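Inspection log for the structure reproduced underneath, given as structure tokens.
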Amino acid sequence: MKKILFIIDKIELKYFEFNNLVTNFWLIKEFLEQKCEVFITTIPNLSLKGDTAYTKCYEAFEADGNIFYKNVKIEKQINDFELVMFRPDPPVDIDYINATYIFDFVTKPIVVNSPSAIRDFNEKLHSVYFKDLMSPNIVTASLDEIEEFLSRYKQIVLKPLNRCFGSGVMYLYEGDPNTRTIINTMTNNETTLVMVQQYIPAVKKGDTRVLTLGDRVLKYCVKKLPTGDDFKFNTHNDDFIVKSEITEDELERFTPVARKLNSMGISMAGLDVIDGKIIEVNVTSPCYFIKEINNLYGIQLEKEVCSFLLTHALLSL
């Protein structure tokens, strides 16, 4: 019987049962249905004793189509698992980074995504690996450079480098009276690097979440629509998630991205795409929108993902 460990976010542990909006719900449920032993934990429950990595964790179980966990902590060596799903949410702060260091001492299980790969891959900044598929962008803390970029492209977006779900993202247009205030706030008065991208007007129609799994780009995707009070998607709600289509051209162009990520230890990623341009590469705990894709396409995406993960884990043994 396969033993699988999920490292989830603290808020996700708090609302673990019935939370079918999150990817982990569907993966854990499917693994349990395949008779795997599944345990869950959070970053503060990781530890290192000498050079051996441990976790205090809870055993998950299924009942009546939902998932629960036994409220009894069990200490286990992380090397006792065959597969570890490393999926805490950003921000990628010092606690997050320290958790990835624990896995430098883990030798047996396959870990998805690789903590060292996550540590080395910033979701905004390292998107530039694929610059030919992106709109113009810079990473800087300089007020002058951002103002020059704004003057060239007229409309821009500024993003903090360590957050998720659109948190802290700001839009600026040339002539905005709050330009310097926004730039200074975002850069902490020119001391913090930010990603600056040319604004893509098609964002008003939403951005598409393109999913990678190993070397492949999946053909199922959704479009995340902006809410009425924002220029970007910021509410995980069925009203703002619709079926999308990925073209053959996009499949061809994005497949090398999947292969590059997979070669780095990032087997699961979510590309955010607007008008054929990648605006971000999500690698920390990428949402696969399984509930929505299942409903929109009439499939069970969790089975395909878990089959890949189990095969992946077996090949590593």
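Because the structure is predicted, anything quoted here is derived from the model rather than measured. The basis for the numbers below is simple: all heavy atoms, side chains too, and nothing from hydrogens, waters or symmetry mates.
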Inset, instruction - Taking the side chain as every heavy atom from C-beta outward, state whether Val217 and Ile246 have any pair of such atoms under 4.5 Å apart. - result: yes
Legend entry - Distance (rounded to the nearest 0.5 Å) between Lys73 NZ and Thr41 OG1: 7.5 Å
Inset, instruction - Report whether Tyr54 and Ile102 are members of the same hydrophobic cluster (ILVMFWY, side-chain heavy atoms less than 4.5 Å apart, transitive linking). - result: no
Legend entry - Side-chain H-bond candidate by donor/acceptor type, Thr140 with Ser142, under 3.5 Å: no
Inset, instruction - Kindly determine whether Phe39 and Phe6 satisfy ring pair (Phe, Tyr, Trp, His ring centres under 6.0 Å), including the steps that lead there. - result: CA-CA 6 Å; Phe39 297 82; Phe6 274 75; over 10 Å; no
Legend entry - Plane angle bin for Tyr69 and Tyr58 - parallel if under 30°, tilted between 30 and 60°, otherwise perpendicular: tilted
Legend entry - Point-to-point distance, once rounded to the nearest 0.5 Å, from CG of Leu83 to CZ of Phe31: 5.5 Å
Legend entry - Any side-chain heavy-atom pair of Thr255 and Asp215 under 4.5 Å: no
Legend entry - Expected output: side-chain Glu190 to main-chain Leu143 donor-acceptor under 3.5 Å: yes
Legend entry - Distance-minimising heavy-atom pair for Met134 and Ile278: CG-O, 3.3 Å
Inset, instruction - Test Leu158 against Met195 for side chain to side chain contact (heavy atoms under 4.5 Å, CB included), laying out the working first. - result: CA-CA 6 Å; Leu158 297 90; Met195 166 69 82; over 6 Å; no
Legend entry - Ile110 side chain near Val84 side chain, heavy-atom distance below 4.5 Å: no
Inset, instruction - Please confirm whether the backbone N or O of Trp26 pairs with a side-chain atom of Asn20, one donor and one acceptor, at under 3.5 Å? - result: no
Inset, instruction - With rounding to the nearest 0.5 Å, note down the distance linking CG in Leu301 to CD in Glu292. - result: 11.0 Å
Legend entry - Backbone N/O of Glu304 and side chain of Ser307: donor-acceptor pair under 3.5 Å: no
Inset, instruction - Would you check if the side chain of Asn137 reaches a backbone N or O of Ser135 as a donor-acceptor pair within less than 3.5 Å? - result: yes
Legend entry - Lys205, NZ: over 12 other non-hydrogen atoms inside 6.0 angstrom: no
Inset, instruction - Can you see which heavy atom on Tyr288 is nearest to which on Ile293, and at what distance? - result: O-CD1, 3.3 Å
Inset, instruction - Would you give the length of the straight line joining atom CD1 of Ile138 to atom CD of Gln197, rounded to the nearest 0.5 angstrom? - result: 10.5 Å
Inset, instruction - Calculate, to the nearest 0.5 Å, the distance between atoms CG and CG belonging to Asp207 and Leu225 respectively. - result: 9.0 Å
Legend entry - Neighbour count above 12 (heavy atom, 6.0 Å) for Lys243 NZ: yes
Inset, instruction - Using a 4.5 Å cut-off on heavy atoms from C-beta on, say whether the side chain of Phe130 contacts that of Lys260. - result: yes
Legend entry - Heavy-atom pair with the smallest gap, counting every atom of Ala117 and Ile266: CB-CG1, 3.9 Å
Inset, instruction - Could you tell me whether Asp272 and Lys224 make a salt bridge, using a distance below 4.0 angstrom between a side-chain N and a carboxylate O? - result: yes
Legend entry - Nearest non-hydrogen partners of Tyr297 and Ser244, listed with the distance: OH-O, 2.6 Å
Inset, instruction - Answer yes when Lys3 and Glu37 have at least one side-chain N-carboxylate O distance shorter than 4.0 Å, and no when they do not. - result: yes
Legend entry - Side-chain H-bond candidate by donor/acceptor type, Ser285 with Arg87, under 3.5 Å: no
Legend entry - Check against salt bridge (Lys or Arg N to Asp or Glu O under 4.0 Å), Glu248 and Arg253: CA-CA 9 Å; Glu248 288 299 321; Arg253 289 190 297 114; over 6 Å; no
Legend entry - Heavy atoms of other groups near Lys70 NZ, more than 12 under 6.0 Å: no
Inset, instruction - May I ask you to check whether Lys124 and Asn162 show a side-chain donor-acceptor distance below 3.5 Å? - result: no
Inset, instruction - Kindly indicate, with the supporting measurements, whether the criterion side chain to side chain contact (heavy atoms under 4.5 Å, CB included) is fulfilled by Ile43 and Tyr96. - result: CA-CA 7 Å; Ile43 283 177; Tyr96 197 112; 4.3 Å; yes
Legend entry - Side-chain donor-acceptor pair present, Asn45, Thr55, cut-off under 3.5 Å: no
Inset, instruction - Measure across Asp176 and Asn178 and return the closest heavy-atom pair with its distance rounded to 0.1 Å. - result: OD1-N, 2.8 Å
Inset, instruction - Spell out, as yes or no, whether a donor-acceptor pair under 3.5 Å connects the side chain of Asn295 to the backbone of Lys291. - result: yes
Legend entry - Backbone of Glu12 reached by a side-chain donor or acceptor of Asp9 within 3.5 Å: no
Legend entry - Donor-acceptor contact present, side-chain Glu252 to main-chain Asp249, <3.5 Å: no
Inset, instruction - Verify, without hydrogens or angle tests, whether Asn79 (side chain) and Val106 (backbone) share a donor-acceptor contact under 3.5 angstrom. - result: no
Inset, instruction - Any chance you could lay out the side chain to side chain contact (heavy atoms under 4.5 Å, CB included) test for Leu213 and Val305, step after step, and finish with the verdict? - result: CA-CA 7 Å; Leu213 189 62; Val305 175; 4.3 Å; yes
Inset, instruction - Identify whether the distance between the nearest side-chain nitrogen and carboxylate oxygen of Glu147 and Arg180 falls below 4.0 Å. - result: yes
Inset, instruction - List the steps, then state whether side chain to side chain contact (heavy atoms under 4.5 Å, CB included) holds for Glu62 with Phe68. - result: CA-CA 6 Å; Glu62 182 185 10; Phe68 305 86; over 6 Å; no
Legend entry - Verdict with reasoning, Glu250 to Lys219, per salt bridge (Lys or Arg N to Asp or Glu O under 4.0 Å): CA-CA 10 Å; Glu250 288 174 325; Lys219 62 183 178 181; over 6 Å; no
Inset, instruction - For Gly168 and Pro160, work out which heavy atoms get closest and say how close. - result: O-CD, 3.4 Å
Legend entry - Any Cys306 side-chain heavy atom under 4.5 Å of Gln34 side chain: yes
Inset, instruction - Determine, for Lys76 against Glu59, whether the closest basic-nitrogen to carboxylate-oxygen distance falls under 4.0 angstrom. - result: no
Inset, instruction - Measure the spacing between CG of Asp95 and NZ of Lys10 and express it to the nearest 0.5 Å. - result: 6.5 Å
Inset, instruction - For Lys154 and Ser151, indicate whether the former's side chain and the latter's backbone hold a donor-acceptor pair under 3.5 Å. - result: yes
Legend entry - Ser127 and Glu280 side chains, donor-acceptor separation under 3.5 Å: no
Inset, instruction - Please test Phe86 against Phe103 for ring pair (Phe, Tyr, Trp, His ring centres under 6.0 Å), starting from the C-alpha separation and ending with a verdict. - result: CA-CA 10 Å; Phe86 188 82; Phe103 283 86; 5.4 Å; yes
Inset, instruction - State whether a side-chain donor-acceptor pair under 3.5 Å links Glu302 with Asn294. - result: yes
Legend entry - Heavy-atom check, side chain of Arg119 versus side chain of Ser116, under 4.5 Å: yes
Legend entry - Phe289 vs Leu296 side-chain heavy atoms within contact, under 4.5 Å: no
Inset, instruction - Please examine the side chains of Ile7 and Thr42, heavy atoms only from C-beta on, and report whether any two atoms are closer than 4.5 Å. - result: no
Legend entry - Electrostatic pair Glu30-Lys303, nearest N-O below 4.0 angstrom: yes
Inset, instruction - Give a yes or no on whether the backbone of Cys287 and the side-chain of Arg209 come within a donor-acceptor separation of less than 3.5 Å. - result: yes
Legend entry - Pair Glu123, Thr284: side-chain N/O donor-acceptor within cut-off below 3.5 Å: yes
